Student: 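One structure coming up, written as structure tokens, with questions to follow.
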Number of protein chains: 2
Amino acid sequence: MNFRYFILGLLAEQPMSGYDIKLFLKSLDWLIASPSFGSVYPTLHSLLEDALVTVDVVENDDKPARKVYTITEAGRQALRAWIGQPLECDISLKTFLMRLMLAGNLSRDELVTYLQKRRSQVKVHLDALEKIAGEHDEAVGLGKRLAFDFGLTAATTEIHWLTQTLEGLS
Amino acid sequence: MNFRYFILGLLAEQPMSGYDIKLFLKSLDWLIASPSFGSVYPTLHSLLEDALVTVDVVENDDKPARKVYTITEAGRQALRAWIGQPLECDISLKTFLMRLMLAGNLSRDELVTYLQKRRSQVKVHLDALEKIAGEHDEAVGLGKRLAFDFGLTAATTEIHWLTQTLEGLS
DNA sequence: GGCGCCATGTAAACCGTTACATGATTCA
DNA sequence: TGAATCATGTAACGGTTTACATGGCGCC
């Protein structure tokens, strides 16, 4: 949801310009989401104002100058605080993946806990979906039936993936 | 994304109050998304203003009065226009599922075309993901590797589901 | 010359959330 | 008495998109 910390997290791995960030995010469009330039640049300005990043203007002879942003120590601290905060009942897939991408800032144990928590949350929603899919059962329109079926498949797959990933991690 | 037409689509199946809609959407929270009351009621007012729905105030003795909204012929027309419009490069999973849920307004052929288009779009994104996952391969952080892996699994599963569903439909 | 890419930025509009207000009923 | 559910609504706020503006380079 909030790209602010995701962008900060990307800068924690390597300094980037707003254009770089936008391009990378565009390649993740399907997986996560791609904010527009009109969202990326102001976010960067805001991070700069809060001293979580610094800028270096890199001049190029043939290409326009680039503003490369680098994370500061305060930025790393803020990032750790954001990543460390509990998952609540958040469960948005996009947020899960954004945080997962920044798992480099997590210890192995923290990552395991994160994935386990996600798994239990998906399980809750799978059970809930099974229940309402059972209630609506017949009579309900074809579209709803298909959508419920897709949800069941997606949730089951995610739980399976989480279990396998957790096994690979231990 | 835009709940306006999704809500209109739900009303096409049966008249509902804002509260009913919110409850149903809440049960779909994980699968699609659940707009708040502060979003549902104004949307309903807007639909009413555009004469796409009508209201009936149903008084109850023990419970508060409910405002039950019913779709009009103009509303059905607007809904058909929305559903009929091409998918562009939209591909947001939520939008796909919202439209899928309203498939009752589609002919069998249109539904098949819709699912086929979705499948080809997911395939494009699967290929793109495989490419960037291959590029980043080693060196890239654990988090990114996991996220890419999840994306690959999710996309593969969706394509598989679409293929099976299409087979079941013919 | 025109198109597309690189690169940055701003302002208005849009859509949604959060937080509030109201008020009746039921249950502990 | 207080909390929870039912039921509707408004206003401020926030994040994002859309649409614009700028400007140089390389290619056909």
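Everything numeric here is computed off the predicted structure, so don't read it as measured data. Reminder, nothing fancy here: chain letters follow the sequence lines and each chain counts from 1.
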Student: Do NZ/NE/NH1/NH2 and the carboxylate oxygens of R66(B) and D56(B) come within less than 4.0 Å?
Tutor: no
Student: Who pairs with S46(B) by side-chain hydrogen bond (donor to acceptor under 3.5 Å, both in side chains), at least two apart in sequence or on another chain?
Tutor: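 side-chain hydrogen bond (donor to acceptor under 3.5 Å, both in side chains) check on S46(B) returns R4(B).
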Student: Taking the six-membered ring of F150(A), is NZ or CZ of K94(B) closer than 6.0 Å to its centre and within 45° of its axis?
Tutor: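 Cation-pi check for K94(B) and F150(A): fails.
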Student: Scan residues 22-44 of chain B for pairs that pass salt bridge (Lys or Arg N to Asp or Glu O under 4.0 Å), counting only residues two or more places apart or in two chains.
Tutor: none
Student: Please give, in whole Å, the distance from dG16(C) C1' to K26(B) NZ?
Tutor: 17 Å
Student: Whole Å only: how far is the CG atom of L44(A) from the P atom of dG15(D)?
Tutor: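 Going from CG in L44(A) over to P in dG15(D) covers 15 Å.
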Student: In this structure, how many angstroms lie between the C1' atom of dG16(C) and the CE atom of M98(B), rounded?
Tutor: 13 Å
Student: Identify all pairs in which a protein N or O lies below 3.5 Å from an N or O of nucleotides 6-10 of chain C, and state each distance.
Tutor:
{"from": "dC6(C)", "atom 1": "OP2", "to": "Y19(A)", "atom 2": "OH", "distance (Å)": "3.1"}
{"from": "dT8(C)", "atom 1": "OP1", "to": "K67(A)", "atom 2": "N", "distance (Å)": "2.8"}
{"from": "dT8(C)", "atom 1": "OP2", "to": "Y19(A)", "atom 2": "N", "distance (Å)": "2.9"}
{"from": "dT8(C)", "atom 1": "OP2", "to": "Y41(A)", "atom 2": "OH", "distance (Å)": "3.0"}
{"from": "dT8(C)", "atom 1": "O5'", "to": "Y41(A)", "atom 2": "OH", "distance (Å)": "3.4"}
{"from": "dG9(C)", "atom 1": "OP1", "to": "K67(A)", "atom 2": "NZ", "distance (Å)": "2.3"}

Student: Tell me the interatomic distance from Y5(A), atom OH, to dG14(D), atom P, rounded to whole angstroms.
Tutor: 14 Å
Student: Separation of N2(A) atom CG from dT17(D) atom P, in whole Å?
Tutor: 12 Å
Student: Given atom CD1 of I21(B) and atom C1' of dT8(D), what is their separation to the nearest angstrom?
Tutor: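 Going from I21(B) (CD1) to dT8(D) (C1'), I get 13 Å.
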Student: Would you mind checking if E73(A) and R80(A) are paired as a salt bridge, meaning a charged N to carboxylate O distance below 4.0 Å?
Tutor: yes
Student: I'd like to check the side chain to side chain contact (heavy atoms under 4.5 Å, CB included) partners of A74(A); sequence neighbours left out, ordered by chain and number.
Tutor: L52(A), T72(A)
Student: Without decimals, in angstroms, what is the distance between L25(A) CG and dG15(D) P?
Tutor: 17 Å
Student: Could you list all the side chain to side chain donor-acceptor pair (under 3.5 Å) pairs where at least one residue sits in residues 159-170 of chain A, not counting sequence neighbours?
Tutor: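 Listed by first then second residue: R119(A)-T163(A), W161(A)-D149(B).
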Student: Can you label the angle between the H45(A) ring and the Y41(A) ring as parallel, tilted or perpendicular, going by 30° and 60°?
Tutor: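 If you compare the ring of H45(A) with that of Y41(A), the planes turn out parallel.
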Student: Of the options dT17(D), dC15(C), dT17(C), whose atoms approach the side-chain atoms of S36(B) most closely?
Tutor: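 When the side chain of S36(B) is considered, dT17(C) is the closest of dT17(D), dC15(C), dT17(C).
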Student: I need the CD1-C1' distance between I32(B) and dG16(C), as an integer number of Å.
Tutor: 17 Å
Student: Once you round to the nearest 0.5 Å, how far does CD1 of I71(B) lie from CG of L8(B)?
Tutor: 4.0 Å
Student: May I ask you to say what S46(B) touches in the nucleic acid, namely base, sugar-phosphate or nothing, with a heavy-atom cut-off under 4.0 Å?
Tutor: nothing
Student: In degrees, rounded to 10°, what is the bend between the two ends of the helix from dG1(C)-dC28(D) to dA28(C)-dT1(D), using five pairs at each?
Tutor: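 End-to-end axis angle for the helix from dG1(C)-dC28(D) to dA28(C)-dT1(D): 20°, rounded to 10°.
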